[in-house]
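Report on the following structure.
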Amino acid sequence: MNKPIIIIGNGGHALVLTELLMLNKKQILGFTSPSNETNKFDLAYLGNDSIIFNYDPEEIELVLGIGSVQPNSIRSKIFNEFKLKGYHFATCIHPKAIITSTAKIGEGVQIMAGAIIQSFAEIKDNSIVNTGAQIDHECIINKNVHLAPGTILSGNVQIGSNSHVGTGVKIIQGVTIGGNTMIAAGAVVVKDIPENSKVMGIPAKEV
């Protein structure tokens, strides 16, 4: 059953998700934000995030419209807060994404236009696969990861939770990226990266 959706946030990432949801003919009740803001799709402003608690968790779904530009706990904090209260996050897949039948997609995952996800890849809860990102066979993307536009992952890559992989990053096959890691835009990763790292360059090095 398609449940009506509340979008958390009103920034650029939320706008992309709004159009994705409209393409998939989803009913959107409105959006939440700390203050009443103009919405380019004329969605209704419902109030701040706490207004969601006025809705029965069984009657709605949530979409987390807050992206990330670095490793942070904001997305995971919001996701976990509402999950503990029994709310469910909709998985959002653009109709122009390509996903093989053997891929596994977790709750609240957001897959944007032009993304490609190949055989037996796994995208875990609350992760973003942004515009044109390519994930090859048997990759594992853990929770709360953001793969920015144009990211390319060869086969058997693993990305730890709460990591941000910048625009246009390329990661060769078999590499493991530790959690809470920031990979700067345009980097080429050719070896494993420990958790809590910041790397950049070609080849990528810690900074």
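Values below: all heavy atoms of this structure, side chains included; hydrogens, waters and symmetry mates excluded.
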Legend entry - Cluster check Val157, Val129: I/L/V/M/F/W/Y, side chain < 4.5 angstrom: yes

Inset, instruction - Could you tell me whether Lys124 and Glu107 make a salt bridge, using a distance below 4.0 angstrom between a side-chain N and a carboxylate O? - result: no

Inset, instruction - May I ask whether Ile74 and Ile8 are part of the same hydrophobic cluster, defined by side-chain heavy atoms of I, L, V, M, F, W, Y residues being less than 4.5 angstrom apart, directly or through others? - result: yes

Legend entry - Asp192 side chain to Thr176 backbone, donor-acceptor under 3.5 Å: yes

Inset, instruction - State whether a side-chain donor-acceptor pair under 3.5 Å links His146 with Ser68. - result: yes

Inset, instruction - Quick one: sort the Phe89 and Phe82 rings into parallel, tilted or perpendicular, breaks at 30° and 60°. - result: perpendicular

Legend entry - side-chain contact (heavy atoms from CB on, under 4.5 Å) partner of Leu147, the single match among Ile141, Asn130, Ile183, Ile128: Ile141

Inset, instruction - With rounding to the nearest 0.5 Å, note down the distance linking CG in Leu62 to NZ in Lys83. - result: 9.5 Å

Legend entry - Ile171/Ile177 under side chain to side chain contact (heavy atoms under 4.5 Å, CB included): CA gap, chis, key distance, verdict: CA-CA 9 Å; Ile171 304 177; Ile177 309 297; 4.3 Å; yes

Inset, instruction - Verify whether one side chain among Thr32 and Asp49 offers a donor that lies under 3.5 Å from an acceptor in the other. - result: yes

Inset, instruction - Mind listing the closest non-hydrogen atom pair of Leu29 and Ala44 along with its distance? - result: O-CB, 3.8 Å

Inset, instruction - Give the minimum heavy-atom separation between Glu59 and Pro4, together with the two atoms involved. - result: O-CD, 3.4 Å

Inset, instruction - Kindly give the heavy-atom pair with the smallest separation between Ile60 and Tyr87, and that separation in Å. - result: CD1-CE2, 4.0 Å

Inset, instruction - Go through the side-chain N and O atoms of Gln110 and His13 and say whether any donor and acceptor fall under 3.5 Å apart. - result: yes

Legend entry - Distance-only donor-acceptor check, side chains Asn10 and Glu37, under 3.5 Å: yes

Inset, instruction - Using modelled atom types only, decide if a donor and an acceptor are shared between the side chain of Ser163 and the backbone of Gly178 within a distance under 3.5 Å. - result: yes

Inset, instruction - Taking all heavy atoms of Ala184 and all of Val169, pick out the closest pair and write down the distance. - result: O-CG2, 3.2 Å

Legend entry - Over 12 foreign heavy atoms within 6.0 Å of NZ, Lys198: no

Inset, instruction - Please report the C-alpha distance between Leu46 and Phe31 in whole Å, then the side-chain angles of each, then the deciding distance to 0.1 Å, and finally whether the side chain to side chain contact (heavy atoms under 4.5 Å, CB included) criterion is met. - result: CA-CA 6 Å; Leu46 303 177; Phe31 71 96; over 6 Å; no

Inset, instruction - Verify the cluster assignment for Leu153 and Ile93: are they in a single hydrophobic cluster under the rule of side-chain heavy atoms below 4.5 Å apart? - result: yes

Legend entry - Considering all heavy atoms, the nearest Asn156-Cys139 contact: N-SG, 3.8 Å

Legend entry - Minimum side-chain heavy-atom gap Ile28-Ile7 below 4.5 Å: yes

Inset, instruction - May I ask you to decide if Ala14's main-chain N or O and Thr18's side chain share a donor-acceptor pair within less than 3.5 Å? - result: yes

Legend entry - Between Lys26 and Asn2, a side-chain donor and acceptor under 3.5 Å: yes

Legend entry - Inter-residue atom distance Asn48.CG - Asn36.CG, 0.5 Å rounding: 11.5 Å

Inset, instruction - Establish whether Val145 and Ile172 are linked, either directly or via other cluster members, by ILVMFWY side-chain heavy-atom contacts under 4.5 Å. - result: yes

Inset, instruction - For residues Phe79 and Asp125, determine if any side-chain heavy atom of one lies less than 4.5 Å from a side-chain heavy atom of the other. - result: yes

Legend entry - Test item: Phe41 and Leu15 side chains (from C-beta on) under 4.5 Å apart, heavy atoms: yes

Inset, instruction - Specify the closest pair of heavy atoms between Asn142 and Ser161, including all atoms of both residues, with the distance to one decimal. - result: CB-OG, 3.4 Å

Legend entry - Within-4.5 Å side-chain heavy-atom neighbours: Ile105 and Ile111: yes

Legend entry - Student check: side-chain heavy atoms of Val16 and Met112 closer than 4.5 Å: yes

Legend entry - Ile135 side, atom CD1; Ser154 side, atom OG - distance, nearest 0.5 Å: 12.0 Å

Inset, instruction - Report yes if the side chains of Ile5 and Leu21 come closer than 4.5 Å at any heavy-atom pair, otherwise no. - result: yes

Legend entry - Distance in Å, Met22 CE paired with Leu43 CG, rounded so as to fall on 0.5 Å steps: 5.0 Å

Inset, instruction - Given side chain to side chain donor-acceptor pair (under 3.5 Å), test Asn180 with Glu195 step by step and report yes or no. - result: CA-CA 6 Å; Asn180 301 298; Glu195 63 183 13; 5.5 Å; no

Inset, instruction - Could you check Val175, Val165, Ile202 and say which one makes a side-chain contact (heavy atoms from CB on, under 4.5 Å) with Val189? - result: Val175

Legend entry - Non-hydrogen side-chain atoms of Glu58 and Lys3 separated by less than 4.5 Å: yes

Inset, instruction - Answer yes or no: are there more than 12 heavy-atom neighbours, outside Phe120 itself, under 6.0 Å from its atom CZ? - result: no

Inset, instruction - Determine whether Pro149 and Thr167 make a side-chain contact, defined as any pair of heavy atoms from C-beta on separated by less than 4.5 Å. - result: yes

Legend entry - Same apolar cluster: Tyr55 and Tyr45, side chain cutoff 4.5 Å: no

Legend entry - Spatial distance of atom CD1 (Ile159) from atom CD1 (Ile140) [nearest 0.5 Å]: 10.5 Å

Legend entry - Value rounded to 0.5 Å, distance of CG in Asn126 from CG in Asn80: 8.0 Å

Inset, instruction - Go through the steps to decide whether Ile52 and Ile6 satisfy the test side chain to side chain contact (heavy atoms under 4.5 Å, CB included), and finish with yes or no. - result: CA-CA 8 Å; Ile52 294 170; Ile6 294 175; 4.2 Å; yes

